[in-house]
Amino acid sequence: MSEIIAAIATGMTQAGIGIIRISGEGSIGIADQVFVSPSGKKLRDVKTHTIHYGHIVWQEEVFDEVLVSVMHGPHTFTGEETVEINCHGGLYILKKILDLLCSIGARLAEPGEFSKRAFLNGKKDLSESEAIMDVIGAGSDAALRNSMKMLQGGLYEGIKNLREEILFEIAFIESALDDPEHISLDGYQEKLSEKVARLQSKIKMLIDSYKRGSLQREGIGTVLLGRPNAGKSSILNVLARKDRAIVTDIPGTTRDTLEETILLGNLSLRLYDTAGLRETEDTVEKIGVDKALETAKEADLILYVIDGGEALTTDFEEMLPTLSEKNCIVLVNKFDLESKVTAEEIREKLPTAKVLSVCASKEKWEALNASLQEFSWVKELEDLITDLFFKEGASMNDEILITNLRHKRELEEAKQALSQVQNSIEMDMPEDFLSIDLMAAYSHLGFIIGEEVDDDLVDEIFSKFCMGK
């Protein structure tokens with residue numbers, strides 16, 4: 001019999017409602033010790049998957065007014081008998097009820113223990129369980145859609161199909177070796193080579209999706225660069241839709257790096273506003289400039305802002321080596337004036353750059369709430385970034401994207417094992433050698449969905465979950 005575990009399942013902040021989850025055989029009995037219904041009914045006598053009004057009471061002290069959900073296994077998240085107490089969301093009352101439950105037979109759940117039990121009880125495979133944290137941490141519609149596909153078994157089905165194809169070949173080889181009189185291996189290696197090539201191609205597609213998947217999950221690291229007073233902070237304020245950065249006519253206002261996570265349509269950007277790039281004797285400003293350059297080196301995308309009222313400066317030319325190595329969009333900030341710089345001039349010096357004219361004067365961005373039409377360039381910017389990072393239209397909506405580094409590594413190991421199969425075929429090695437490498441590929445794919453995984457890895461994965469999951 002598993003122990004009864006309990007934890008706060010909602011965020012550790014003040015809220016209108018908080019939930020305490022109890023799971024394990026005997027959970028309903030634990031709840032019955034503290035739950036008092038106006039009608040006097042006991043939770044052990046009610047139907048499964050029903051909700052009941054009452055109070056949490058202990059030794060004649062009324063703790064809170066609650067709604068209690070009662071769920072019998074196996075049709076629960078963990079597959080076990082489960083009770084959820086919906087109480088008021090003050091941290092003090094949540095902790096007080098949790099302490100009470102732990103004093104009468106439950107124990108505090110470890111991080112991720114509810115999800116771990118769901119995995120161990122066969123309610124979810126390992127990839128689905130890991131997708132729970134991606135759903136919780138999703139920062140955009142695209143990231144949420146991909147996480148939900150994973151949670152609903154999208155990756156599991158793909159991996160299962162790959163394993164079934166590999167297992168068929170392993171079984172055929174073993175059968176042929178055991179019964180050569182009735183099962184011939186003549187011409188088999190050529191057919192196997194073609195099939196392994198197809199499997200490698202499918203696995204490679206999953207591996208290649210990792211970069212896009214991680215960008216969806218974590219957001220595109222985006223750095224605003226440019227000279228002082230080019231308009232970087234105003235652009236940040238427009239994209240963030242709030243007065244995030246100080247905007248003045250005094251050069252060098254921004255001295256440290258400001259970070260803001262913003263949504264741009266389906267895109268999530270981790271946007272960094274940096275100190276203006278220029279030679280300076282000011283020690284603090286110089287540190288800011290150095291920090292800006294370091295941030296740019298780590299960025300996925302650079303938005304280089306140019307003051308359209310000025311001709312191109314030497315600062316832009318000095319940055320060309322860095323800009324040419326990155327995804328770069330040059331924003332020509334015109335400030336409602338006639339631009340003195342053209343897209344052709346910029347592309348002549350930086351052929352790889354996308355160029356977009358913007359207008360982000362302080363007066364303009366303050367009018368944002370009044371008229372989004374003033375900022376049509378924001379949609380153009382979204383389209384440019386989408387084209388840079390998600391050129392395949394399906395990748396934003398239909399394709400399963402790998403977001404977990406562990407999954408990527410296991411896929412790489414499986415692909416490498418299949419490469420060994422191809423090498424053995426080319427060297428005309430005996431079929432039992434092929435079977436060994438096919439089994440290695442089969443096992444590495446199994447590690448992704450938890451069909452071949454040891455207890456230590458399971459513990460490590462679920463220890464990264466939050467307490468109530």
Side-chain angles (χ1 to χ4, degrees), residues 140 215 218-242 244-245 247 253-254 256-278 288-289 291-310 312-313 315-335 339 341-343 345-347 349-362 364-365 368 375-390:
S140 68
L215 289 174
E218 299 168 9
I220 300 169
T222 307
V223 177
L224 286 161
L225 283 182
R227 284 178 55 77
N229 271 24
K232 300 186 300 301
S233 296
S234 292
I235 289 171
L236 170 65
N237 289 336
V238 169
L239 297 178
R241 288 175 167 76
K242 61 183 178 181
R244 178 65 178 87
V247 178
T253 304
T254 302
D256 200 356
T257 299
L258 297 179
E259 180 180 355
E260 185 76 13
T261 298
I262 67 166
L263 288 178
L264 199 61
N266 281 328
L267 302 173
S268 174
L269 305 184
R270 290 177 288 113
L271 189 60
Y272 300 88
D273 184 21
T274 60
L277 302 178
R278 67 171 178 175
V289 172
K291 196 169 183 180
L293 296 173
E294 286 298 317
T295 305
K297 290 178 182 178
E298 302 298 323
D300 301 307
L301 170 67
I302 293 177
L303 301 179
Y304 195 90
V305 184
I306 291 175
D307 183 349
E310 299 178 354
L312 285 178
T313 64
D315 302 80
F316 178 67
E317 297 191 9
E318 290 172 359
M319 285 298 298
L320 289 177
T322 298
L323 301 180
S324 63
E325 294 176 355
K326 295 283 184 179
N327 288 308
C328 178
I329 299 175
V330 177
L331 304 180
V332 182
N333 194 12
K334 294 188 297 184
F335 291 106
S339 179
V341 110
T342 66
E345 287 180 81
I346 294 168
R347 292 195 188 100
K349 294 182 180 295
L350 188 62
T352 58
K354 307 286 186 181
V355 182
L356 179 64
S357 292
V358 304
C359 184
S361 65
K362 189 173 190 300
K364 279 287 185 183
W365 77 257
L368 179 64
F375 296 93
S376 59
W377 62 265
V378 174
K379 181 62 172 70
E380 294 178 54
L381 178 61
E382 178 194 342
D383 293 341
L384 283 176
I385 297 174
T386 300
D387 185 58
L388 279 173
F389 291 95
F390 303 98

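Remember, predicted model here, so these are calculated numbers, not experimental data.
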Lys326 with Asp300: basic N within carboxylate O range, under 4.0 Å: no

Would a 4.5 Å heavy-atom cut-off, applied to side chains only, mark Ile329 and Leu381 as touching? yes

Compare all side-chain heavy atoms of Leu271 with those of Leu236 and state whether any distance is below 4.5 angstrom. yes

Can you tell me how far the CG atom of Leu331 sits from the CG atom of Asp307, to the nearest 0.5 Å? 12.5 Å

Any non-hydrogen side-chain atom of Ile306 less than 4.5 Å from a side-chain atom of Ile346? yes

So how far is it from Lys379 NZ to Thr386 OG1, rounded to the nearest 0.5 Å? 7.0 Å

Of Asn327, Asp383, Ile220, which meets side-chain contact (heavy atoms from CB on, under 4.5 Å) against Leu388? Asn327

To the closest 0.5 Å, what do you measure between OH (Tyr304) and CG (Leu320)? 8.5 Å

How far does CH2 of Trp377 sit from CG of Asn333, to the nearest 0.5 angstrom? 7.5 Å

Derivation of the side chain to side chain contact (heavy atoms under 4.5 Å, CB included) call for Phe389 and Leu301: CA-CA 9 Å; Phe389 291 95; Leu301 170 67; 3.9 Å; yes

Assess the residue pair Val355 and Val332 against the criterion (side chain to side chain contact (heavy atoms under 4.5 Å, CB included)); give the C-alpha distance rounded to whole Å, side-chain angles, the decisive distance to 0.1 Å, and a yes or no. CA-CA 7 Å; Val355 182; Val332 182; 4.0 Å; yes

One should read off an interatomic distance between Ile302 CD1 and Thr222 OG1, to the nearest 0.5 angstrom, of 10.0 Å

For the atom pair CZ (Arg347) and NZ (Lys354), what is the distance rounded to the nearest 0.5 Å? 8.5 Å

